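Predicted model, so just to flag it, every value in this text is computed and none were measured.
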There are 2 protein chains.
Amino acid sequence: MHVTIKHVAKKAGVSPSTVSRVIADSPKISVATKKRVFETMKEMNYQPNIIARSLANRVTYTLGLILPSKDEEVFENPFFMQVMRGLSVYAKQKGYYIMYNYCRSEEEEVETIRHYMDSKWVDGIILTSTRIKDKSVDLLMKRDQPFVVIGRPEAQRDKVLWVDNDNVMAMENIVNRLIEQGHRKIAYIGGEQQFTVYRHRLRGYRQAIEQNGIDWDDRLVVEAEPTEQKAYEAMKQMLKIINPDAIVGTDDTVAYGAYKATIEAGVLGVAFAGFNNTPLSIYNNPTISTVDINAEKLGHYAAQVLIDQLEKNTTMERNIIVEANYIERESTLDYVRR
Amino acid sequence: MHVTIKHVAKKAGVSPSTVSRVIADSPKISVATKKRVFETMKEMNYQPNIIARSLANRVTYTLGLILPSKDEEVFENPFFMQVMRGLSVYAKQKGYYIMYNYCRSEEEEVETIRHYMDSKWVDGIILTSTRIKDKSVDLLMKRDQPFVVIGRPEAQRDKVLWVDNDNVMAMENIVNRLIEQGHRKIAYIGGEQQFTVYRHRLRGYRQAIEQNGIDWDDRLVVEAEPTEQKAYEAMKQMLKIINPDAIVGTDDTVAYGAYKATIEAGVLGVAFAGFNNTPLSIYNNPTISTVDINAEKLGHYAAQVLIDQLEKNTTMERNIIVEANYIERESTLDYVRR
DNA sequence: ATGAAAGCGCTAACAA
DNA sequence: TTGTTAGCGCTTTCAT
């Protein structure tokens, strides 16, 4: 039979509530009994039943992680894996568990969240991507559910917990650097602006262009689904009307896809840079300049911010900006243009 | 206040137990009351509290997923992500949840498993890799905990639930094909044999070599940590004593690492093939021939086999072999050797 | 076919 | 400092 708090109590010659207090390390228990109870717990190899504790506490020590289910994004990009590890390591250290769910659409996302909340399964929820007008965020806000966003919600930003890079600045830095290197016709290939992350990166691009007094050229800007294939096609179109001398993409695969189109078109020496420091960027020939967004840290801090809130640790910050590092490799250095 | 079974009962004019029976779809409830209760449930937007149900049932509808925490493996290789999605999709459909945990070592793995069992958090456990002498497997067996292995335990194979590829045959096929293509000095670069998967792949290599009447040559076989770097170093060593005309690696990065060493050494025209159909294999130049092990299916079936056992659905099989497909690309076709 | 009541294992308010 | 007792929300005998 499974050993419960009652068995321990009986054997230690105390009441169940005393045992419970010992577990909670209540300060009102004498050191003597504490010691005795602990010993019997060891002897009997007692482990608290988390489910029972959760029911009594109305707390589960479990966080729900919402993952998007786009093949390319999730599989080719280590981003999510890194985030998951960051979350896991911190959560474990704090005694929390993480459940994950893939959601194919915004509807499924909302449904999953609703289910988590109604069934009282999780104490808090982690969102790994966010749109400008995000139904999940709205729902969570309305129901007053603790949650954290990896990325940055556009609306009610001050009321929401979030952890993000400074994507505006990250992109601005790349473009500034490219300009410094002599480029003037820099193509931007990015995801759709409904996603905050892409909106920010485009903003960074725009700011760099403007700050450097370069004329804005719509023909150099493409917003599409951020996959290699789409980027490739987009660049093919672009080349019919204008030849860029550099490319920035919101992911390594995107940058590379676009670059491939320039090669095929015989437009040589185009510099290109991406985001996410994917394996592609290391293994590709030329190696790809890219921004490491420190996904594992994003996960780590997301867990931290959320757990702090759950435990009413109000001293902690509600938002964290994780640094992003631009890694220059061959694709923007001389190698590629000789 | 949160709506419970009691509220529904009162509003529907029945007892809590009746509501409970309606939820469980008990056959001894009249159709009329069933309908009425269902309606009130909708009206009140009632959702069962999973924790309470779990406590009463002594069942959590949750599976624990154990992940290794080696950087290279977990991040550069979409294997785990794909497995996770396969698991998630099937589990969700069956009403199960999945918790995941990264474990840095076999000890941490054992500790995590023990914790899951003792605290009664999960109904079943999923292992994503397995050694020849696996402490986790031993523990789970001893405690009679339901679990499934992705991969194949060496010991007590008939008593354990597992889902795996036929790694012997997969490797045998590659090597046979390379031999058919005229290669005779085929280097094998693989992980250590303490992991079942690598033991099997080496066996497949050996069988193909022997079947084709090729003399066994120890100098062509390397077992090391399966990373690009180690493979690169290993090949550098090998080239001092023998030049292979083809390379098989137990992962794309491994095959590529070894190949890189041949290029640097000026040994040209070496064919190479890997495993896992990673992004690297598609983006690399040349593209890499590789085995797609259908990781998402592995996950899917693992969940299925485990849940079947949990629900005592004894009609289902206890082990499943998922097909592995060899994808020939440039690295073993003429392109690379011209 | 339905209800009353006990219990899953733990916590916490109230007493002592 | 410790014990008693009444829940947490749901399931499940045992009656009726």
### Query
Does A:Ser30 reach the side chain of A:Thr33, with side-chain heavy atoms less than 4.5 Å apart?
yes
### Message
Taking the axis from the first five pairs and the axis from the last five, what angle separates them in the helix from C:dA1-D:dT16 to C:dA16-D:dT1, rounded to 10 degrees?
### Response
40°
### Task
Specify the closest pair of heavy atoms between B:Lys135 and B:Glu106, including all atoms of both residues, with the distance to one decimal.
N-OE2, 3.0 Å
So, does [X] get its side chain near the phosphate of [N], meaning an N or O under 4.0 Å from OP1 or OP2?
| X | N | result |
| --- | --- | --- |
| B:Thr4 | D:dG9 | no |
| B:Thr18 | C:dG3 | yes |
| A:Ser30 | D:dT2 | yes |
| B:Ser20 | D:dG9 | no |
| B:Asn57 | D:dG9 | no |

Rounded to the nearest angstrom, tell me the gap between atom [atom1] in [X] and atom [atom2] in [N].
| X | N | atom1 | atom2 | result |
| --- | --- | --- | --- | --- |
| B:Ile5 | D:dG9 | CD1 | P | 11 Å |
| A:Arg53 | C:dA12 | CZ | C1' | 14 Å |
| B:Gln47 | D:dC10 | CD | P | 11 Å |
| B:Met41 | D:dG9 | CE | P | 17 Å |
| B:Ile50 | D:dC10 | CD1 | P | 11 Å |
| B:Leu55 | C:dC8 | CG | P | 9 Å |
| B:Trp121 | C:dG9 | CH2 | P | 16 Å |
| B:Lys28 | D:dT11 | NZ | P | 17 Å |

### The single option from A:Leu87, A:Val122, A:Ile126 passing side-chain contact (heavy atoms from CB on, under 4.5 Å) against A:Leu63
A:Ile126
#### Entry: Positive for side-chain contact (heavy atoms from CB on, under 4.5 Å) with B:Ile125, one of B:Leu140, B:Val149, B:Leu139
B:Leu140
Nearest 0.5 Å, what's the [atom1]-[atom2] distance between [X] and [Y]?
| X | Y | atom1 | atom2 | value |
| --- | --- | --- | --- | --- |
| A:Thr4 | A:His7 | OG1 | NE2 | 4.0 Å |
| A:Arg53 | A:Ile23 | CZ | CD1 | 6.5 Å |
| A:Thr18 | A:Arg36 | OG1 | CZ | 9.0 Å |
| A:Ser15 | A:Arg21 | OG | CZ | 6.5 Å |

### Message
Over 60° means perpendicular and under 30° means parallel, so tell me whether A:Tyr97 and B:His115 are parallel, tilted or perpendicular.
### Response
parallel
Write down the protein N/O and nucleotide N/O pairs, taken from nucleotides 14-16 of chain D, whose separation is under 3.5 Å; answer none if there are no such pairs.
none

### Task
Report the nucleotide, chosen from C:dG3, D:dT2, D:dG9, that has the shortest atom-to-atom distance to any side-chain atom of B:Ser17.
C:dG3
### Query
Of the nucleotides D:dG3, D:dG9, D:dT11, which has the atom closest to the B:Ile23 side chain?
D:dT11
### Given DNA chain C, 5'-ward residue of the pair A:Val19 and B:Pro27, judged by closest heavy atom
B:Pro27
### Worked verdict on B:Asp138 versus B:Lys133 for salt bridge (charged side-chain N to carboxylate O under 4.0 Å, His left out)
CA-CA 8 Å; B:Asp138 292 347; B:Lys133 181 85 192 69; 2.6 Å; yes
### Message
Any N or O donor-acceptor pair under 3.5 Å from the base of C:dA1 to the side chain of B:Thr33?
### Response
no
